[in-house]
Amino acid sequence: MLAPALTVLPDPLAEDPPRASAFIVTLYGDVVEPRGGRLWMGTLIDCCAGHGISESLVRTAVSRLVSAGRLEGDRIGRRSHYRLAAAARAEFGAAAQVLYTPPPAPQGWLLAPADQPPAPGWAPLGGVALAPNRSDMPRPAGLVWSADVVSGVADLPGLAAALWPVAEVGTAYAAFVARFAPLLDQCRSDPPDAARALALRLRLVHDYRLAALADPRLPQAALPVDWPGPAARRLFVTLYLTLAEAADACIGSRFLDPDGLLPQATAATDLRLDRLRREAARPSD
């Protein structure tokens, strides 16, 4: 009698390495920024090695990020430490709202004259600009109207797909779910050690960040009926919380800044986890 075939679960850490510069920004945003902001280069190299990013690639990426004004460095003795530059901190602060805070639901649409300076998230539509009406949507200076669709709702998905990268984002969300969903039960039944938990969480944040920051977060009526965004969000929140304790323990025992080990937890990391727990406890729509 043949033995049953073993199920081989996908391992995100065995896939192609992420792009070094983008992954370094993810690492700073998730780990370093809420713990004081500075990290020793040696820790950065060791952490990236677990994702298939070589020391030479890390050093090249850091040099380019410094040249681009994304990172700032200082040298203490023989050790170099880096932190996000002010512009990058502000940018990741906005990204952190998308990642670690329940996203505000869009309530209809906004319109503005197309000749006004454009704002992120707005799309040109004839003589006006169109955007989802969300509390976090930047408003251009000048006239802005709120609007509702009174007829032709069935045409909204086609219009949205022409104005925003809906198909590309949907594909990224679906790939994220396929990649990480099998890990959830595995991590619950056989919790990973601290180092692997952190590595998985960093890859989780990195892959979700790339999809979520490109998501225009449109009203439901403008999205395909099988839109994978909500499933990806629930998976991100649940798996992040599942990995959090072990991942944070790894940070507190291995990550160094000029003053020594980074703290395992801070008020900022506690606030992130509290918001994610509250989101996870809400009933699904």
Under the side chain to side chain contact (heavy atoms under 4.5 Å, CB included) criterion, do Leu200 and Cys187 qualify, and how do the steps go? CA-CA 10 Å; Leu200 288 172; Cys187 289; 4.2 Å; yes
If I compare all heavy atoms of Arg201 with all of Leu243, which pair ends up nearest, and what's the gap? N-CD1, 3.7 Å
Least distance between heavy atoms, Ala194 atom then Cys250 atom: O-CB, 3.5 Å
Rounded to the nearest 0.5 Å, how far apart are CZ of Arg278 and CG of Asp274? 4.5 Å
In this structure, CG of Leu71 is separated from CG of Leu65 (nearest 0.5 Å) by 4.5 Å
Would you say [Y] ends up clustered with [X] if hydrophobic residues are merged whenever their side chains have heavy atoms under 4.5 Å apart, either directly or through other cluster members?
| X | Y | answer |
| --- | --- | --- |
| Phe23 | Val66 | yes |
| Trp122 | Leu163 | no |
| Leu125 | Trp145 | yes |
| Ile24 | Met41 | yes |
| Val166 | Met137 | no |

I'd like to know if [X] and [Y] make a salt bridge, using a cut-off of under 4.0 Å between side-chain N and carboxylate O.
| X | Y | answer |
| --- | --- | --- |
| Arg79 | Asp74 | no |
| Arg275 | Glu279 | no |
| Asp257 | Arg83 | no |
| Asp207 | Arg203 | no |

For a quick check under 3.5 Å, do [X] and [Y] share a side-chain donor-acceptor pair by atom type?
| X | Y | result |
| --- | --- | --- |
| Arg35 | Thr266 | no |
| Tyr173 | Asp215 | yes |
| Arg254 | Thr43 | no |

Is the shortest side-chain heavy-atom distance between Leu130 and Leu111 below 4.5 Å? yes
Heavy-atom check, side chain of Arg217 versus side chain of Asp136, under 4.5 Å: yes
Exactly one of Asp148, Leu110, Val144 should register a side-chain contact (heavy atoms from CB on, under 4.5 Å) with Asn133. Which one does? Leu110
Please name the residue in the list Val58, Leu202, Val62, Leu57 that meets the side-chain contact (heavy atoms from CB on, under 4.5 Å) test with Cys48. Val58
Close aromatic pair by centroid cut-off 6.0 Å: Tyr240 and Tyr100: yes
Quick check on Arg64: does its CZ atom have over 12 non-hydrogen neighbours (other residues, nucleotides or ligands) under 6.0 Å away? no
